[in-house]
Amino acid sequence: KAPKNKKIANRPTISQLKQRRISVLAVIIVFLVGVTGTVWSAVSSGWVENKMDLAKNSVIEATAAAGMVVESIYLRGSQATSRSDLLETLDIKKGSPILNIDIKEARLRVESLGWVKSATLVRVLPNVIFLDIKERKALALWQRNRRAPVLIDTDGTVIQKRNLAKYSDLPLVVGQGAAKNAAVLIERLHDYPLIFNEVKVAIRVSERRWNLRLRNNIEIRLPAEKISTALNQLYEYQNKHSLFDRNIIAVDLRVPDRLIVRVNNQEKKQKKVIGENT
């Protein structure tokens, strides 16, 4: 029985076990802090970054020596954007190591071009770069604060500011907020070609509604809401009564279910005076 008591006496108590665990944890914590401090020191000093750059450069040099360099650049989707502009903006030279190209940065450069709405740029190993672009759709010319007009797309984004002569057949939209709201108006006008073909300028009024200036200078005042209803009413009058050929200054469609016409009284007076003199 005595040996058993001796074994029991030699067993560590619960408090002793706790102390041992605490001591082990303390050693582990000290070790981790030391390792972390060493790693952090290496990172903060740039040592790790330098080593990574060296490794990366070695891989790029090795792959380039093995023939992984840019030999061909394929472009797709460009119509309004010239090939020369795309290649210049890409700034990727033939013979460059293909793995050394920053694809994201090159793509963002291409998307900064006015006509480019979005771009997809990929590496096709071992030696091909492929660029696919989606271009903006020209919608109208936009003039604000009496500045020179600019070409805009369906989102109201400016595509280009110069060399606009070839786009002179597009409608001109004028005023603050006109660019962002022009697509809705022009889309609805396309449903009424008798009206759309006569529109010279669309003027945004108080950033809430439109006035249309026709080629014969008649002004069409549209409501802020239910534009399609107003245009349909105007279309029926024009189709039946050739409204645009009459001696009028303005047509007001802002009152629901009414068409208010303003007649050119000044011209009538002039005709009357001429008649009396003769």
Side-chain angles (χ1 to χ4, degrees), residues 80 114-115 135-271:
W115 278 101
E135 293 185 317
R136 300 183 184 276
K137 183 179 178 181
L139 175 74
L141 298 172
W142 175 41
Q143 184 178 37
R144 183 178 59 171
N145 298 331
R146 298 184 179 180
R147 298 175 184 172
V150 296
L151 183 67
I152 60 172
D153 74 345
T154 52
D155 296 329
T157 302
V158 176
I159 298 175
Q160 66 184 56
K161 299 180 180 181
R162 298 179 181 84
N163 304 321
L164 303 180
K166 63 186 293 187
Y167 304 104
S168 58
D169 59 328
L170 293 176
L172 176 67
V173 295
V174 177
Q176 190 75 25
K180 291 183 178 180
N181 295 279
V184 175
L185 173 68
I186 292 174
E187 181 181 352
R188 292 178 184 178
L189 283 171
H190 276 301
D191 294 332
Y192 305 93
L194 282 177
I195 301 172
F196 181 71
N197 292 335
E198 297 298 323
V199 174
K200 182 179 180 181
V201 185
I203 305 163
R204 188 70 174 168
V205 181
S206 302
E207 295 194 50
R208 58 185 297 271
R209 66 174 197 85
W210 294 94
N211 284 344
L212 306 179
R213 183 72 51 78
L214 305 186
R215 298 186 186 280
N216 58 3
N217 289 324
I218 294 175
E219 185 175 80
I220 310 297
R221 298 167 186 171
L222 295 176
E225 299 177 355
K226 297 183 179 180
I227 296 177
S228 295
T229 302
L231 289 174
N232 189 61
Q233 184 182 9
L234 180 63
Y235 177 82
E236 289 180 358
Y237 269 86
Q238 171 61 15
N239 195 33
K240 292 179 181 178
H241 307 292
S242 298
L243 194 64
F244 301 158
D245 298 328
R246 296 179 179 271
N247 181 34
I248 59 177
I249 297 174
V251 179
D252 197 335
L253 297 160
R254 290 177 292 176
V255 180
D257 301 322
R258 288 191 182 183
L259 187 146
I260 303 170
V261 176
R262 183 181 172 190
V263 180
N264 189 354
N265 292 322
Q266 188 64 35
E267 187 172 329
K268 279 188 174 182
K269 288 179 181 178
Q270 288 177 353
K271 286 184 178 180

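Quick note: numbers below take in every heavy atom, side chains included, and nothing from hydrogens, waters or symmetry partners.
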K.L.:
I'd like to check Arg221 versus Leu253 (side-chain heavy atoms, cut-off strictly below 4.5 Å). Are they in contact?
P.N.:
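Of all side-chain heavy-atom pairs linking Leu253 with Arg221, none is under 4.5 Å.
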
K.L.:
Tell me whether the count of non-hydrogen atoms from other residues, nucleotides or ligands lying under 6.0 Å of CG in Asp245 goes above 12.
P.N.:
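Counting other residues, nucleotides and ligands, CG of Asp245 exceeds 12 neighbours.
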
K.L.:
Hey, are the side chains of Arg204 and Gln176 touching, using non-hydrogen atoms and a 4.5 Å cut-off?
P.N.:
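SC-SC contact between Arg204 and Gln176 ruled out.
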
K.L.:
Might you point out which heavy atoms bring Ser228 and Tyr192 nearest each other, and give the distance in Å?
P.N.:
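Smallest interatomic distance, heavy atoms only, reads O-OH, 3.3 Å.
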
K.L.:
What distance do Asn232 atom CG and Tyr237 atom OH have between them, rounded to the nearest 0.5 Å?
P.N.:
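If we round to the nearest 0.5 Å, Asn232:CG and Tyr237:OH are 12.0 Å apart.
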
K.L.:
Are the side chains of Ile186 and His190 in contact, using a 4.5 Å heavy-atom criterion?
P.N.:
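In short, these two side chains touch, coming nearer than 4.5 Å.
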
K.L.:
As an exercise, state the distance from CG of Asn217 to NZ of Lys200, rounded to the nearest 0.5 Å.
P.N.:
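Reported to 0.5 Å precision, the distance equals 6.0 Å.
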
K.L.:
Given Val251 and Glu219, is the side-chain contact (heavy atoms from CB on, under 4.5 Å) satisfied, shown in steps?
P.N.:
CA-CA 6 Å; Val251 179; Glu219 185 175 80; over 6 Å; no

K.L.:
Can you find a pair of side-chain heavy atoms, one from Arg254 and one from Glu225, that are under 4.5 Å apart?
P.N.:
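Counting from C-beta outward, Arg254 and Glu225 never come under 4.5 Å.
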
K.L.:
In sequence, state the C-alpha distance, the side-chain angles, and the governing distance for Asn211 and Arg209, and then conclude on side chain to side chain donor-acceptor pair (under 3.5 Å).
P.N.:
CA-CA 7 Å; Asn211 284 344; Arg209 66 174 197 85; 2.7 Å; yes

K.L.:
If you measure from CD1 on Ile203 to CG on Leu172, what distance do you get to the nearest 0.5 Å?
P.N.:
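With rounding to 0.5 Å, CD1 (Ile203) is 9.0 Å from CG (Leu172).
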
K.L.:
Please step through side-chain contact (heavy atoms from CB on, under 4.5 Å) for the pair Ile248 and Leu243, ending with a clear verdict.
P.N.:
CA-CA 8 Å; Ile248 59 177; Leu243 194 64; 3.9 Å; yes

K.L.:
May I ask you to test the Leu185-Leu212 pair for a side-chain heavy-atom distance under 4.5 Å?
P.N.:
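Contact flag for Leu185/Leu212 side chains = yes.
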
K.L.:
As an exercise, state the distance from CG of Leu194 to CD of Gln238, rounded to the nearest 0.5 Å.
P.N.:
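Taking CG in Leu194 and CD in Gln238, the distance rounds to 6.0 Å.
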
K.L.:
Are Trp115 and Leu151 close enough that some pair of their side-chain heavy atoms sits under 4.5 Å apart?
P.N.:
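They are in side-chain contact.
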
K.L.:
Check the pair Phe244, Arg215 against side-chain contact (heavy atoms from CB on, under 4.5 Å), reporting the backbone distance first and the verdict last.
P.N.:
CA-CA 10 Å; Phe244 301 158; Arg215 298 186 186 280; over 6 Å; no

K.L.:
Does some side-chain heavy atom of Arg213 sit less than 4.5 Å from a side-chain heavy atom of Val199?
P.N.:
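Side-chain contact under 4.5 Å: no.
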
K.L.:
So if I apply the side-chain contact (heavy atoms from CB on, under 4.5 Å) rule between Trp210 and each of Val174, Ile220, Asn181, which one comes out positive?
P.N.:
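Result: among Val174, Ile220, Asn181, Asn181 is the only option passing the side-chain contact (heavy atoms from CB on, under 4.5 Å) with Trp210.
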
K.L.:
Roughly how far apart are Asp153 CG and Asp155 CG, rounded to 0.5 Å?
P.N.:
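Nearest 0.5 Å value for the CG-CG distance: 4.5 Å.
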
K.L.:
Between Glu236 (side chain only) and Lys240 (backbone N and O only), is there a donor and an acceptor less than 3.5 Å apart?
P.N.:
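Not confirmed, Glu236 side chain does not pair with Lys240 backbone.
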
K.L.:
Using the rule given for side-chain contact (heavy atoms from CB on, under 4.5 Å), can you reason through Leu231 versus Ile195, listing the C-alpha separation, both sets of side-chain angles and the distance that settles it, and then say yes or no?
P.N.:
CA-CA 8 Å; Leu231 289 174; Ile195 301 172; 4.3 Å; yes

